[in-house]
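Below you'll find the structure, written out as C-alpha cells, and then a few comments.
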Amino acid sequence: MAPVTRLSSIAALVLTVVAVLAPVLYRFASPYLTSLSPYLDSLSPSIAKAFSQRVAQPPLSSFSCVPHTYTTEIISLDPLLIYIDSFLSPAETEALLEAGEPEFAPSRVYKSGRNQGTSDRTSSSAALPRENPTVQCVLARAKTFLGTMLDSSRDDIGPPQLVRYTAGQRFNRHRDWYERPQAARRGMLGKGKSWNRIASFFAILQDECTGGETWFPLVNTTASSKKDEAGQRLWRKHEDGGLAFRPVAGNALFWVNLFANGTGDERTVHAGLPVEDGLKTAMNIWPRKFYAE
C-alpha cells in the first residue's frame, strides 16, 4: 500500500502547485490570449464562447467632464432658494448611480455626537467617493456655483451623498444646518476648529415615482411655477403652506442655510414627503463653512 500512498501524495502536491501557479500564469498569458480573439471565429461556437469568456476584459469608464449648461430661477430671495434646471446631465446621473449603488444602507442622522437611525428618516443613503471622476466633475460645478460663498483656503464643498426613497419612505421636517458649529472630525478636508453647512444642493437622479415632493413649509414665492415637457408643474403651493417641489431627474434645488453671522435660518426647514409609489433617488451636497476659534 505504500507506493499507492506515495503516488497519491505526489498527485496532491502537483495539483496544489498547479492551483497556486494558474492565476500567475494566466496573468502573464492573458494579453497574448486576448490578441488571439480575432481568430476565435474559426473555432466551433461552443469553444469560441468559452474561450472568449476567459479572456474578456472589463470595460473602461468613458466618462469625460465636459462643459455643461444649466439654467436657474430664483424662487425666493429671503431665504435664498434657487431652482436649477438640468444641473446634472444624463451621463453624469448614470455614472453617479453606478458609483453609489453598492453602498446603499439605511439612512442615519447625526445626533448627540454620533450617527444613528431614526423613525423620522426612513430612506437609504450611499456615500459617493470623492476620487470618482464624475463626482469630482459635479463637485467642481457646485463650487463654481457658490462663487465667493466658500473660502477655498479654508472651506470645503463636503462629501456628496445619494439618498433613495421607495414607497412609503420619507424624511420628516428637518434642517440641514446644526444649532451649533460642529467640531472638525478626523479626515475632514477643511481647515478650522468648527464648521457648519452654509448651504445645500439637492439634485434628483431618478424620478420614477408618485409623491416624494420636497416641501418647504416656510418658503413662499410670487413666481409662477413652470411646466416640464409633459406639461406638469415643477412646484406647487402646499395645502399646509409653503412650496412643494416635484422630483424631476437632472434638476436641483439650492438654498442658503446660514445667516451672515453664522446662525441658522429656521425658514429653511424642509421635508421629503412620502413616496406613494415607485422610486426616487437624489444627491445631497452640503458645503462646509469652517470657523477659526
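Between Arg233 and Asp228 there is no salt bridge, since no side-chain nitrogen of the basic residue lies less than 4.0 Å from a carboxylate oxygen of the acidic one. Between Asp78 and Arg267 a salt bridge is recorded (basic side-chain N to carboxylate O distance below 4.0 Å). Using a 4.0 Å cut-off between charged nitrogen and carboxylate oxygen, Arg236 and Glu213 count as a salt-bridge pair.
Taking each heavy atom of Gly262 and Tyr291 in turn, the nearest pair found is CA-OH, 4.0 Å. Across Asn172 and His174, no two heavy atoms sit closer than the pair O-ND1, 2.8 Å. The shortest heavy-atom contact between Ala199 and Pro287 is O-CD, 3.1 Å. Taking both residues in full, the closest heavy atoms of Cys137 and Glu92 are given as SG-OE2, 3.9 Å, listed atom of the first, atom of the second, then distance. Scanning all heavy atoms of the two residues, the minimum distance from Gly212 to Lys280 falls at O-NZ, 2.8 Å. Taking every heavy atom of both residues into account, Ala95 and Thr134 meet most closely at CB-OG1, 3.2 Å.
Thr263 contributes no side-chain N or O that, together with a main-chain N or O of Phe259, makes up a donor-acceptor pair within less than 3.5 Å. No side-chain donor-acceptor contact under 3.5 Å links Glu266 to the backbone of Gly264.
A cation-pi arrangement is present between Arg288 and Trp195, with the terminal nitrogen or guanidinium carbon under 6.0 Å from the aromatic centre and inside a 45° cone about the axis. A cation-pi arrangement is found for Arg164 relative to Phe104, the charged atom lying closer than 6.0 Å to the ring centre and inside a 45° cone about the ring normal.
For CD of Glu179, the number of neighbouring non-hydrogen atoms (other residues, nucleotides, ligands) closer than 6.0 Å is 12 at most. Around CG of Leu189, the count of heavy atoms belonging to other residues, nucleotides or ligands within 6.0 Å exceeds 12. At most 12 non-hydrogen atoms from other residues, nucleotides or ligands lie less than 6.0 angstrom from CD of Glu98. Enclosure of atom CD in Glu94 is not indicated, since only 12 or fewer non-hydrogen atoms of other residues, nucleotides or ligands lie within 6.0 angstrom.
Side chains of Gln169 and Pro274 form no contact here, defined as non-hydrogen atoms less than 4.5 Å apart. For the pair Pro247 and Cys209, the minimum side-chain heavy-atom distance is below 4.5 Å. For the pair Leu253/Phe216, a side-chain contact is recorded, criterion being any heavy-atom separation below 4.5 Å from C-beta on. Counting heavy atoms from C-beta on, the side chains of Leu243 and Lys237 come closer than 4.5 Å. Put simply, the side chain of Trp215 reaches to within 4.5 Å of the side chain of Asp240, judged on heavy atoms. A 4.5 Å side-chain heavy-atom check between Met283 and Val138 finds at least one atom pair inside the cut-off. With contacts defined as side-chain heavy-atom distances shorter than 4.5 Å, the pair Arg197/Tyr178 qualifies. Within the 4.5 Å cutoff, no side-chain heavy atoms of Val248 are placed close to those of Trp235.
In the hydrophobic cluster analysis, where Ile, Leu, Val, Met, Phe, Trp and Tyr join through side-chain heavy atoms closer than 4.5 angstrom, Val135 is grouped apart from Val66. Hydrophobic clustering (side-chain heavy atoms under 4.5 Å, transitive across Ile, Leu, Val, Met, Phe, Trp, Tyr) groups Met149 together with Leu139. Placement of Phe202 and Val219 within a single hydrophobic cluster is found when ILVMFWY residues are connected by side-chain heavy-atom separations under 4.5 Å, directly or transitively. The hydrophobic cluster containing Val275 does not contain Leu273, counting ILVMFWY residues as joined when their side-chain heavy atoms lie under 4.5 angstrom apart, directly or transitively. Hydrophobic clustering (side-chain heavy atoms under 4.5 Å, transitive across Ile, Leu, Val, Met, Phe, Trp, Tyr) keeps Val163 apart from Leu279.
When hydrophobic side chains of Ile, Leu, Val, Met, Phe, Trp and Tyr are connected at separations under 4.5 Å, Leu218 ends up clustered with Val269.
Within the 6.0 Å centre-distance limit, the rings of Phe145 and Phe201 are counted as a close aromatic pair.
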Self-check item: Steps toward side chain to side chain contact (heavy atoms under 4.5 Å, CB included) verdict (Ile157, Leu150)
Solution: CA-CA 8 Å; Ile157 191 65; Leu150 288 187; 4.3 Å; yes
Practice problem: Might you work through the side chain to side chain contact (heavy atoms under 4.5 Å, CB included) test for Trp255 and Ile75, ending with a clear yes or no? | Solution: CA-CA 10 Å; Trp255 64 94; Ile75 305 300; over 6 Å; no
Exercise. Check the pair Asn251, Ile84 against side chain to side chain contact (heavy atoms under 4.5 Å, CB included), reporting the backbone distance first and the verdict last.
Key: CA-CA 6 Å; Asn251 295 357; Ile84 311 175; over 6 Å; no
Quiz item: Can Trp286 and Gln161 be said to form a side chain to side chain contact (heavy atoms under 4.5 Å, CB included), step by step?
Solution: CA-CA 9 Å; Trp286 296 300; Gln161 177 198 71; 3.3 Å; yes
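To the nearest 0.5 Å, the span separating OG1 on Thr71 from CD1 on Ile82 amounts to 11.5 Å. For the atom pair OG1 of Thr72 and CZ of Phe254, the computed distance is 11.0 Å after rounding to the nearest 0.5 Å. Atoms OG and CZ, on Ser225 and Phe245 in that order, are 8.0 Å from each other to the nearest 0.5 Å. Taken to the nearest 0.5 Å, the CG atom of Leu234 stands 8.5 Å off from the CD atom of Glu73. The OG1 atom of Thr281 lies 7.0 Å from the CG atom of Leu205; values are rounded to the nearest 0.5 Å. Arg141 contributes atom CZ, which lies 13.0 Å from atom CG of Leu146 (distance to the nearest 0.5 angstrom).
Aromatic ring orientation, Tyr70 versus His68: tilted (interplanar angle from 30° to 60°).
Inspection of the Ser124 and Ser107 side chains reveals no N or O donor paired with an N or O acceptor under 3.5 Å. Judged by distance alone, the side chains of Asn132 and Arg130 never bring a donor and an acceptor atom under 3.5 Å apart. In summary, the side chains of Asp176 and Ser200 do present a donor paired with an acceptor at a separation below 3.5 Å, with no hydrogens or angles considered.
A side chain to side chain donor-acceptor pair (under 3.5 Å) with Trp177 holds for exactly one of Asn196, Thr268, Asn257; it is Thr268.
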